[in-house]
Every structure is written in structure tokens, then in C-alpha cells.
Student: 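Okay, handing you the structure first.
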Amino acid sequence: MPIAGIVPGSHVLVFPFPAQGHMLSLLDLTHQLAIRGVFITILVTPKNLPALSSLLSAHPTTITTLVLPLPPHPSIPPGIENVKDLPASGFTSMTVALGDLHNLLLDWFRNHPTPPVAILSDMFLGWTHHLACQLGIPRYTFSPSGALALSVIFSLWRYPPKRADPQNENEMIKFPKIPNSPEYPWWQLSPMYRSYVKGDPTSEFIKDGILANIASWGIVINSFIELERVYIDHLKEELRNDRVFAVGPLLPPGNKTIERGGPSSKDVLSWLDGCASQTVVYVCFGSQTVLTNKQMEVVALGLEKSLVNFVWSVKEPTVGHAEGEYGKIPAGFEDRVAGRGLVVTGWAPQVAILSHDAVGAFFTHCGWNSIMEAVAAGVLMLTWPMMADQYSNATLLHELEVGIEAAEGAETVPDLDDLVSLFSKSVSEEARVVRARAKEFGRAAKEATSENGSSWKELDRLISNFSL
Ligand SMILES: *[C@@H]1O[C@H](CO)[C@@H](O)[C@H](O)[C@H]1NC(C)=O
Ligand SMILES: *[C@@H]1O[C@H](CO)[C@@H](O)[C@H](O)[C@H]1NC(C)=O
Ligand SMILES: *[C@@H]1O[C@H](CO)[C@@H](O)[C@H](O)[C@H]1NC(C)=O
């Protein structure tokens, strides 16, 4: 359905990547753009259309959709159109599959009476830069990650590090050009990059996509200047322009936060209403990570023995998880902690939980969306990065002193005693300083997104950039 009365020159194509963290934050940004009067067409595949329903009903006259079929790919079973239903390698397959939309999309542009004047697309859709060049319009990369993580990714592909010992997975790889010279052991670097180095043939397409992001007209990141100033400035220097727009934290609009949870949402929130201020540890490892049974057991015991109040959002196993080895809640656990702890399976209303005054700490895998949500809510974090850029997320949190290191690595089983003391410490006086820092950033985040705040202005700057 076309939008009636598009003002020529103010129509933008938004193209999210179908992975939970990537899609939600770009849709939240789309909402902000629509409020400011930008006309938008959102490109999705059919099965992802329901995720847009509240956005579409909020903006019936400014947002429309372009629904294109997901091109087939040997590693994506028919009917699956979101990375959350695929094993970790799904990111690569989905990236490659969506690349086949190039010609269809080109035709759509050429036949549209008032086609978009810019493309805003996810960082895993680097090929849209080439399409934009063919069309003679600017393409903006949307990065659901922050500026430090993006700096690391760009650096990897742009200046491939030399390894002294290619057999040594623990070799430290340095990034001397990035502020504070971060370094990470090889095994913690982007799996896509490591596959490329191993000679995976699909990697050329991935590599081309990243380099296309670097060459794109602009970059929009879900972060804010007060949080990542030095890394944002670094990106501008690397890209040799100032079209890096930090517009975060991107959050669901006001009262929509509860809709992001499953049917149990209301129960969780009313349960939290019964807990004292800052006494609850919220545990959640994101939409992609499923713990092994051994890890489940230690987390459960940690919560049990520390005697803290908690909400634990448990993700259930999907395709690619060996049957019976993952995601099992220890027998009897829920009975033993009845009254002071809640286990939620499925999708928890994370933003609403984190914003609840009862929640004092967040045990997290350090996915960037989770971090932005916790920062915005001013909640201190216990960090357990498990893959990809989560390690750089965690570094940033330790640097800013809003996070306390809990564990590291997807295979790791944390030490039980450490976990017990960490949980109790996190909601006690002992964590006073970190908690105060977290609150400070919470206030800064609120200011950034309020009228005339830094992210507010960045959004205006982005929109005027669209119509140049
Ligand atoms: C959300 O709803 C509450 C009442 O339920 C209201 O007081 C508040 O202003 C609303 N917030 C936003 C951002 O709309
Ligand atoms: C944080 O981790 C997520 C994975 O959940 C990743 O996509 C993102 O790039 C990371 N961001 C930063 C700033 O490290
Ligand atoms: C924002 O800035 C504009 C222009 O300087 C000013 O008129 C307005 O009052 C400011 N709004 C707030 C809430 O400070």
C-alpha cells in the first residue's frame, strides 16, 4: 500500500536485519524518524511482518512496508526467516540470502513514483551500499552496536592484524589505533572474521559488506556521545567525515515496553512491585544464547545460595542444540526459591523489568541492546560476555565502571562461590560506587534523548542529512 502524499525528498527506505537485537533497535529508530515527519518504507520478509504491527498502527500515514520473499539458502530451512531460529552460523547464511534481493529491490526503486532518497540499512546488509551507488542516493549503515565494537570490527577487516603464531588461539591481538588501545585474545574476535581467515568461501561476501559499510555515506549507531565520546570521535577520524550519528539509547516508545514481553509480563511486574527497592538481580543472556545444563546448574545454585531476590529469564533450546544438554532448570529449583525468585521462560519484558525500582543488578551476556537498556535504566551489570563483540561490550563497561566482571566465554562454567558472593555483593552496600556510576549514566542517557539532548540533536542532524 503506497503512502499518500509523500513529500518528495523525504522518503527513506529502512531495511532491518532479521535478528532480534538488530531489528528491534532499528524499528525503535524508525519510530523516532516517523515522529519527526520522515516518510518511511520498511523492507521485511513475510514472516517478519508481524514484528512491525505496533509501529505500523502508530504511524499509519507515514510508514508503509515492502514485503519481499526471503531468497532460498541451503542452510536456512523453508519457513524460517529470523536468525533467532537458526544456530549461530545463521548470521552468515541470512546475510548471504538477503544479498540476493539486490535486483528485485533495484526494480522496485526504478518503478516507484516517489522512491526513497536514502537507504538506512543494517550493518549486515553492506551490499545495499552498492545498490545505493547504482541509484545515486546515500546509504546509511545502521549499527546496533556501539562505537567501540564497531571500531574493532572495522579495524579487523581494514587492517588485518598480523599473527605471530597462527596456531595460538590465546595470542593477544592489539588495536593500537583505537583509543585506550584495547586488546583481545584471538578466540574472542569476531567469528565471521576468524572464518574468513580460515578460508571460508562465503567470507568474501561478508568482507565486501563490511568494507561497503566503511565506504557508505553515513553510520547511525545505537549509543550516545556521553557514553562513548572517544570512540565516536575515533570513528569519525577513521571514516574521514563527521557523518557518524549517535542517536541512542534506542528504546521502545514509552508504554510499549510491556508488549515486548510474553504473556507472563504483567505477572513479572506485579511480582517486582512486592520487592524492596534495589534488591532484585535480573538474569538474562539474550535472545541468542542458551546455557548448557552445567551452566544452568551453577547459575541456579548461585541464586539459591546467595539468598538474593531474582528474576531469571531462561531461553529454551532451538535448532542446533543437542537434545537434553541445554537450558534445563534444575529439578526442584523453583520450589526451593519460591517467594524470592521468579523463573520466566520465553520472552521477558526486559525494558520494563530493568526500569523497575526493585531491580538492583543485571547479570548479562553483554549484548549491546541489553547494555543500552540497562544503562538507560541506571542498573549496574554483572558481565558474562559469550561471543563476538560482547567482549568489547564488556571492556567498555569495566572501563566506565558500571559493570563488574563475572565470567567470560560461552563454554565457561563460572565458579559457584564467586557467583554467590557476586550476587550478594551486587545488591548490597558493597556495590555502592558502581551503582552510583550506573545511575549517573542513566541520567546522562535520559538527558541525551530528551529535547535538545545530544542524541536528540544527532537525530535532527541525521534527518537534515537525509534531505541534502
Ligand atoms: C505511560 O502510562 C502512564 C499511565 O499508565 C502515564 O502516566 C505515562 O505518562 C505514560 N508514559 C508515556 C511515555 O506515554
Ligand atoms: C555487543 O554485543 C553484541 C552481540 O550481542 C554485538 O552485536 C555488538 O556488536 C556488541 N557491541 C559492542 C559495543 O561491543
Ligand atoms: C531547545 O532549544 C530551543 C532552541 O534553542 C529552545 O527554543 C527550546 O526552549 C529548548 N527546549 C528545551 C526543553 O530546553
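Just follow the structure's listing: the first ligand is 1, and inside any ligand the first atom is 1.
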Student: Evaluate the 4.0 Å heavy atom contact test for atom 14 (O) of ligand 3: does a protein atom fall under the cut-off?
Tutor: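 At least one protein heavy atom is under 4.0 Å away.
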Student: Output, in order, the C-alpha distance, side-chain angles, deciding distance and verdict of salt bridge (Lys or Arg N to Asp or Glu O under 4.0 Å) for R443 and E440.
Tutor: CA-CA 5 Å; R443 278 190 293 276; E440 222 173 274; 5.3 Å; no
Student: Hey, would you say the Y159 and F154 ring centroids sit under 6.0 Å apart?
Tutor: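 Between Y159 and F154, the centre distance exceeds or equals 6.0 Å.
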Student: Will you find, in the side chains of N241 and W217, an N or O donor that is under 3.5 Å from an N or O acceptor?
Tutor: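 There is no such pair between these side chains.
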Student: Given the ring of W312, does R340 sit roughly above its face, with NZ or CZ under 6.0 Å from the centre of the six-membered ring and within 45° of the axis?
Tutor: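 Judged by the rule, R340 and W312 form no cation-pi pair.
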Student: Would you verify that at least one protein heavy atom lies under 4.0 Å from atom 3 (C) of ligand 3, or report that none does?
Tutor: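 Given the 4.0 Å limit, the answer for atom 3 (C) of ligand 3 is yes, a protein heavy atom qualifies.
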Student: Indicate whether atom 9 (O) of ligand 3 is within a distance of less than 4.0 angstrom of some protein heavy atom.
Tutor: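 Not a single protein heavy atom is under 4.0 Å away.
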Student: Under 4.0 Å from a heavy atom of N452: give me the atoms of ligand 3 that qualify, with their elements.
Tutor: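 Checking each atom against N452, I get 1 (C), 2 (O), 3 (C), 8 (C), 10 (C), 11 (N), 12 (C), 14 (O).
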